[in-house]
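The structure appears right after this line, and notes come after that.
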Amino acid sequence: FHIVPTLYRRLLPEAFKSHSSHDVVLLCVACHEKANAAHWKRKLEYAAQYDAPLMQSEVRPFGAEANARKAALALSRSAGSMPPDRRQFMCQQVL
C-alpha cells in the first residue's frame, strides 16, 4: 500500500522524491481494503479542493503501436531462445 499515491508523488518537488525510499506499507487483506477505501475518499476530497487528478492521465499506446513495442521488447530480451517462426512473426510486428 502506497502512503502517497504515485499519481501525486510525481507532482511533488524534487527535494521530496530525490531519495530512493518508498512509502510502502505491508498490510493484511482486511486492512488493505480499509486503507484503500479511506485513500479513495481522501483522493476525492483532494480532487475537489485542489482540482487534483483522480487517475493517471498518461495515454498509453494501443493497437499496432503497442504490439510493435511489446514485440521489440520480447525480441531484445529473448530473440535467441525463440523458435524461428515466432521470431520472424515478432520482427514483422516491429516493422
Side-chain angles (χ1 to χ4, degrees):
F1 181 82
H2 290 272
I3 301 299
V4 178
T6 11
L7 172 67
Y8 298 146
R9 183 177 176 87
R10 66 186 177 94
L11 301 173
L12 293 173
E14 194 60 39
F16 292 104
K17 56 185 181 176
S18 62
H19 47 74
S20 61
S21 66
H22 294 279
D23 57 337
V24 177
V25 177
L26 295 177
L27 300 172
C28 68
V29 173
C31 291
H32 193 274
E33 288 176 4
K34 287 180 191 176
N36 269 343
H39 219 214
W40 187 251
K41 183 179 176 185
R42 182 61 56 108
K43 281 174 76 171
L44 289 172
E45 290 171 7
Y46 288 156
Q49 187 174 357
Y50 301 107
D51 196 29
L54 287 173
M55 301 287 200
Q56 196 162 355
S57 62
E58 270 184 48
V59 177
R60 296 186 182 213
F62 61 93
E65 183 182 341
N67 290 340
R69 202 174 279 204
K70 289 177 189 177
L73 182 62
L75 285 167
S76 69
R77 288 187 176 169
S78 55
S81 61
M82 281 185 191
D85 57 330
R86 181 69 179 164
R87 187 171 44 240
Q88 182 180 5
F89 174 76
M90 294 294 225
C91 286
Q92 289 173 352
Q93 293 291 314
V94 173
L95 302 174

- Message: If you compare all heavy atoms of Ala68 against all heavy atoms of Val94, which two are closest, and at what distance to 0.1 Å?
- Response: O-CG2, 3.8 Å

- Task: Kindly check if the number of other-residue, nucleotide or ligand heavy atoms within 6.0 Å of CG (Asp51) is above 12?
- Result: no

- Task: To the nearest 0.5 angstrom, please state how far the CE atom of Met82 sits from the CG atom of Leu75.
- Result: 4.5 Å

- Just how far is it from atom CG of Asn67 to atom CE of Met90, taken to the nearest 0.5 Å? 9.5 Å

- pair Ser76-Leu73: side-chain heavy atoms closer than 4.5 Å: yes

